[in-house]
Amino acid sequence: MSPAGLKKLCPPPKRKQRETTRMNHHKQILSVLAVGLFTLGAAGVAFGDDDDDDRRGHRSERSQPRADFAPVTNVAYREECSSCHMAYQPGLLPARAWEAIMSSEGLGNHYGDDASLTDALRNEISAYLTANAADQTGGKRARKFAESRPGADGGLPRISENRYFVHEHDEIPPRFVIANTQVGSFSQCNACHRGADDGDYDEDRVVIPGVGRWDD
């Protein structure tokens, strides 16, 4: 049989067809991989965005003023006491000091004034103050006020005579406070501590009236 006849009976493998099939198969695999990589990339971006949001959130939280003491929440205490002076946070004195101050005798001679209350009101306020006192809370700053002793004149305990309080204010010249008509006493915390009413005594927020920012 002639060579031409053999070619007709036994045609050669269809190489082009096989190569085309392999190429199509490879293209399909590459397409699948591309989709997979794109999906993973999108997920990575999403998680990255979440991480950025978390970091921004943490920075935002740190930038917010942090209260050193729990703010006053008892309405009766705030109304009765803030009419004459700042309603001090309970965490600024230990329970035994609040008990002495809120006793009938202590209110009858409240640092030279008569601040007597009805028994019902006195008991309500006293219970609130002692339950949230410096030695009853877990705050780091509050624990430093858990120490208390009678006033220098033998009278009621004073926040301004606490050892930690004295240490924190010992570099401030008395003329900036006691002789300052806009302040008058170291007991007027909210005159210089802008966040005192909210329990925030951050040194970076101290502004002494007539003097300006204080940085020791």
Side-chain angles (χ1 to χ4, degrees), residues 61 64-153 155-166 168-169 172 177-178 180-210 214:
E61 289 175 4
Q64 297 299 318
R66 177 185 57 80
D68 299 295
F69 301 89
V72 172
T73 56
N74 184 276
V75 176
Y77 170 59
R78 181 181 291 280
E79 290 180 350
E80 290 295 333
C81 298
S82 63
S83 60
C84 298
H85 55 73
M86 170 186 162
Y88 301 104
Q89 288 79 28
L92 286 167
L93 283 173
R96 62 182 177 278
W98 286 121
E99 289 172 353
I101 292 170
M102 293 303 300
S103 67
S104 297
E105 296 77 11
L107 289 175
N109 184 14
H110 187 71
Y111 305 101
D113 294 321
D114 185 353
S116 298
L117 300 170
T118 63
D119 287 343
L121 197 54
R122 181 175 64 81
N123 290 336
E124 176 190 343
I125 295 175
S126 180
Y128 165 70
L129 293 172
T130 54
N132 296 278
D135 53 345
Q136 303 298 316
T137 62
K140 182 178 179 180
R141 185 72 69 92
R143 287 198 298 271
K144 296 179 179 180
F145 284 84
E147 174 191 326
S148 178
R149 50 190 171 185
D153 55 359
L156 297 174
R158 294 176 181 271
I159 297 170
S160 57
E161 292 177 359
N162 170 273
R163 183 180 303 175
Y164 175 72
F165 182 100
V166 173
E168 290 297 294
H169 296 79
I172 301 177
V177 179
I178 299 174
N180 187 338
T181 57
Q182 299 181 68
V183 183
S185 168
F186 280 101
S187 64
Q188 302 298 327
C189 305
N190 54 351
C192 302
H193 289 274
R194 297 311 188 196
D197 289 324
D198 297 319
D200 176 20
Y201 293 88
D202 190 339
E203 295 178 358
D204 294 334
R205 301 184 67 197
V206 174
V207 179
I208 302 176
W214 176 260

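Only heavy atoms go into these numbers, but all of them, side chains included; no hydrogens, no water, no symmetry mates.
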Would you please test Tyr88 and Phe69 for ring pair (Phe, Tyr, Trp, His ring centres under 6.0 Å) and show each step?
-> CA-CA 10 Å; Tyr88 301 104; Phe69 301 89; over 10 Å; no
Sorted by chain and number, sequence neighbours left out, side-chain contact (heavy atoms from CB on, under 4.5 Å) with Asn132 holds for Pro90, Tyr128
For Pro157 against Ala100, the heavy-atom pair lying closest together | CD-CB, 4.4 Å
Any sub-3.5 Å donor-acceptor pair from Asp113's side-chain atoms to Ala115's backbone N or O?
-> no
For Ala134 and Gly91 the tightest heavy-atom approach is CB-O, 3.2 Å
Student check: side-chain heavy atoms of His85 and Cys81 closer than 4.5 Å | yes
Determine, stepwise, if the pair Tyr111 / Arg158 fulfils side-chain hydrogen bond (donor to acceptor under 3.5 Å, both in side chains).
-> CA-CA 9 Å; Tyr111 305 101; Arg158 294 176 181 271; over 6 Å; no
Quick one: does Asp68's side chain get under 4.5 Å of Asp200's, heavy atoms only?
-> yes
Nearest 0.5 Å please: distance from the CG atom of Leu92 over to the CZ atom of Phe145.
-> 5.5 Å
Indicate yes or no: at least one non-hydrogen side-chain atom of Ile101 is less than 4.5 angstrom from one of His110.
-> yes
Work out which heavy atom in Asn162 is nearest to a heavy atom in Lys144; give both atom names and the distance.
-> ND2-O, 3.4 Å
Less than 4.5 Å apart, any side-chain heavy atom of Met86 and any of Asp197?
-> yes
Taking the side chain as C-beta and beyond, is there a heavy-atom pair between Phe186 and Ile178 under 4.5 Å?
-> yes
Is the side chain of Asp135 donor-acceptor paired with the backbone N or O of Ala95 at a distance under 3.5 Å, no angle test?
-> yes
Criterion side-chain hydrogen bond (donor to acceptor under 3.5 Å, both in side chains) against Tyr201, the qualifying member of Glu168, His193, Gln89 = Gln89
Those residues that, when tested against Leu121, pass side-chain contact (heavy atoms from CB on, under 4.5 Å) (two or more places apart) | Ala76, Glu80, Leu117, Thr118, Glu124, Ile125
Out of Ile172, Val183, Val207, which residue meets the side chain to side chain contact (heavy atoms under 4.5 Å, CB included) rule with Cys192?
-> Val183
Here the pair of heavy atoms bringing Ala146 nearest to Arg96 is O-NH2, 3.4 Å
Quick one: CZ on Arg78 to OG on Ser83, what's the gap to the nearest 0.5 Å?
-> 12.5 Å
